[in-house]
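In what follows, a single structure is set out as structure tokens and then discussed.
Sequence lines set the chain letters: A, B, ... in the order given, protein chains first and strands last, and positions in each chain run from 1.
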Amino acid sequence: MNIDKKITTAVVNAVKELYQQEIFENQLNLQETRPEFEGQITLVVFPVVRFSKKTPEDTAKDLGEYILKNVQEVTKYNVVKGFLNLSISETYWLNLFNVELLNSNFAAVKPNGKKVMVEYSSPNTNKPLHLGHVRNNLLGYAVAELLKADGFEVFKVNLVNDRGIHICKSMLAWQLYGNNETPQSTGLKGDHLVGKYYVIFDKEYKKEIETLVAQGQSEEEAKKNAPLIKQAQQMLLQWEEGNAEVISLWQKMNAWVYEGFGVTYKKLGVDFDKYYYESNTYLLGKDIVEEGLAKGVFFKKEDGSVWIDLTEDGLDQKLVLRADGTSVYITQDLGTAQMKFDDFGMEQSIYVVGNEQDYHFKVLFLILNKLGKSWADGLHHLSYGMVDLPSGKMKSREGTVVDADDLIDEMIASAKQKTEELGKITDFSEQEKNDLYYNIGLGALKYFLLKVEPKKRLLFDPNESIDFQGHTGPFIQYTHARIKSLLSKANYQSDVKSVDGIVLSETELAMIMLLAKYPSEISAAAKSHSPASLANYLYEIAKMFNKFYHEVPPIVKEEDEKIKQHRLNICKLTADLLKKGMLILGIVVPERM
RNA sequence: GCUUUUGUAGUUCAAUGGAUAGAAUGUCAGAUUCCGGUUCUGAUGAUGGGGGUUCGAAUCCCUUCAAAAGCACCA
């Protein structure tokens, strides 16, 4: 039984014995004692006051005395206003560290038997990935890994939007202006080549609109009447009819895109257990519409279109099936949700999608709820904010979009430059060097994008992200590398563990308490789907370690073997947890850098 | 216009309704340097405005201002 549990149990008993009342553990609030007061654990007394009918100070004293008598580990207490500060014995902390934290099971995953799906990435196949997608991918991956680390069985899936008017635009432009260009003939990455024709389409389309407007049409008319858009729409119809030529072009160009995406995914270090394709799912959902009609959840209008009325829930009426019987976006999402559940039978399902779709998911989940789907309560939209740059907003039309591949290459180049300037790794092989640049560059990028709460907008500053000092990935990587270097210099033996009879310094104690929180930090971060809180915790560890390392006398020169071993144990555990935690974020911490 | 989200030091980010709102960066001063481009210590400086609920509010409610997004038989 851990110390928190012992204390809360004691308080519950104290309330029973002293005040003849029943209080529940979840009404109690324990927190870490602020550094300016004596003690390590603090009970906030206010919730108990209504049971004691005494002042907060008197209540705190009552409880303090009771805990002192009944909880062996508590050696002292003091009361400041409504706060009861408890001092825990040194033996307890030392024992916690030696027996629990240094045990190899400490940060190990304990399966909880639950299944969760994380859908992320979900790109369109008409253009390459950009900075916004990067946030999505990193977030989705990290949340999935976080849930794994908290004991879930996780399925990562990617729902690819591979059909529709957008890809027809690229296809048409390639047909008209492409001269049979291929990734091989141009040396362009497949997704970039297809994206190039998407841009060309847009350019030519705009020209046509201008011409029509000059001929006297309104802009709205011109947008509808331009020959290019009509041809694209025609092509979409042919696609739906299964026209062999169109399908074959579609397959060819999508294959280029997938090859390109594959390269980007690999560089980002993300992966998927299963891909879903909208070309397979876009017809789904019609049976759910039938089901909804039968249950009276949906209603049919005179023209045959099917709707749901969500006005009682503060939303609008929402179309779920067109009058001509074809699906809309939400129809297929209804069907896809059912299919995903049928495939995996998970308790929870997380959609990592930008916040511009908040309304859509609100509606989607509400509908599934009204349809009485047992799994609807486990659906969750992990909504995240847009990414801005110091130079301003990204706008595809103005060409200020940051391409994912370019960005990654720049980060690696920047890591290389910084590392070379210092010349610390001249003995590395070429391969080792390249791996290092990659790990630092990507680590900088990933940490910077993940340290911010998902739902907030994010300002990405490439220069700041790769700084080796401050709140950055490389700072944590560097701290880890320094520890590793220290351990090897000190010839550290990990099999010597139990070291007792030591007096802990204040910072050592703080370090142990901080490291002890690892499992609960993982669990809390997983529950709130927040890699950001893990990222911040890891930074705290790195920072606290530096303080510890600075304050403690030179460890390598320490003559007392017990103290030396104990301090090296702290170093070792710090390095291990940093490594493990960063890996959840998708970041590799180098052994040397 | 309606709805949602976000407003915290100069800047970038933290803070399960709990104590004097923490970091980073920037600036200034000092200390240390076990293998570290260091690192550490101190100083500086913020909850957009106005009400309310509460023993206690950055956090919950109302209102106002600002920014962003959404409001298609698009996805």
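Within 3.5 Å, a donor on the side chain of A:Thr42 pairs with an acceptor on the base of B:A19, or the reverse. With hydrogens and angles ignored, a donor-acceptor pair closer than 3.5 Å exists between the side chain of A:Asp303 and the base of B:C73. Evaluation of atom-type donor-acceptor distances gives no pair under 3.5 Å for the side chain of A:Asn536 against the base of B:A24.
If you check B:A75, B:U12, B:A15 against the side chain of A:Glu453, the one that comes closest is B:A15. Taking only side-chain atoms of A:Ser485, from C-beta outward, the nucleotide of B:C55, B:A24, B:G36 with the closest atom is B:G36. Of the candidates B:A19, B:C73, B:C34, B:C34 carries the atom nearest the A:Val552 side chain, counting heavy atoms from C-beta on.
Distance check on atom P: B:U59 versus B:A21 gives 14 Å, rounded to whole Å. B:A43 and B:U5 are spaced 37 Å apart, taking the C1' atom of each and rounding to whole Å. Taking atom P in both B:U6 and B:C13, one finds a spacing of 14 Å when rounded to whole Å. The P atoms of B:G18 and B:U25 are separated by 28 Å, rounded to the nearest whole Å. With C1' as the reference atom, B:C61 and B:U53 are 7 Å apart, rounded to whole Å. Nucleotides B:C65 and B:G49 place their C1' atoms 7 Å apart, quoted to the nearest Å.
A:Lys456 has a side-chain polar atom (N or O) that falls below the 4.0 Å cut-off from OP1 or OP2 of B:A14. Distances shorter than 4.0 Å separate some side-chain N or O of A:Lys81 from OP1 or OP2 on B:U20. Between A:Gln357 and B:A75 there is no side-chain N or O to OP1 or OP2 distance below 4.0 Å. Between A:Arg457 and B:C13, a side-chain N or O to OP1/OP2 separation shorter than 4.0 Å is absent. Taking only side-chain nitrogens and oxygens, A:Lys318 never comes nearer than 4.0 Å to OP1 or OP2 of B:C73. At the phosphate of B:G37, neither OP1 nor OP2 sits under 4.0 Å from any side-chain N or O atom of A:Lys418.
Rounded to an integer number of Å, the gap from CD of A:Glu551 to P of B:U39 is 15 Å. Per the geometry, CD belonging to A:Glu36 stands 12 Å off C1' belonging to B:A21, to the nearest Å. Atom P of nucleotide B:U39 and atom CG of A:Leu486 are separated by 16 Å, given to the nearest angstrom. Spacing between atom CD of A:Gln469 and atom C1' of B:G36 amounts to 12 Å, rounded to whole angstrom units. With rounding to whole Å, A:Leu459 atom CG is found 18 Å from B:U6 atom P. If you measure from atom CZ of A:Phe468 to atom C1' of B:U25, you get 17 Å, rounded to the nearest angstrom.
Screening A:Tyr329, A:Tyr276, A:Trp239 for a ring-ring contact (aromatic ring centres under 6.0 Å, His included) with A:Tyr282, the sole residue that qualifies is A:Trp239.
Here A:Asp427 pairs with A:Arg592 in a salt bridge; the nearest charged N to carboxylate O distance falls below 4.0 Å.
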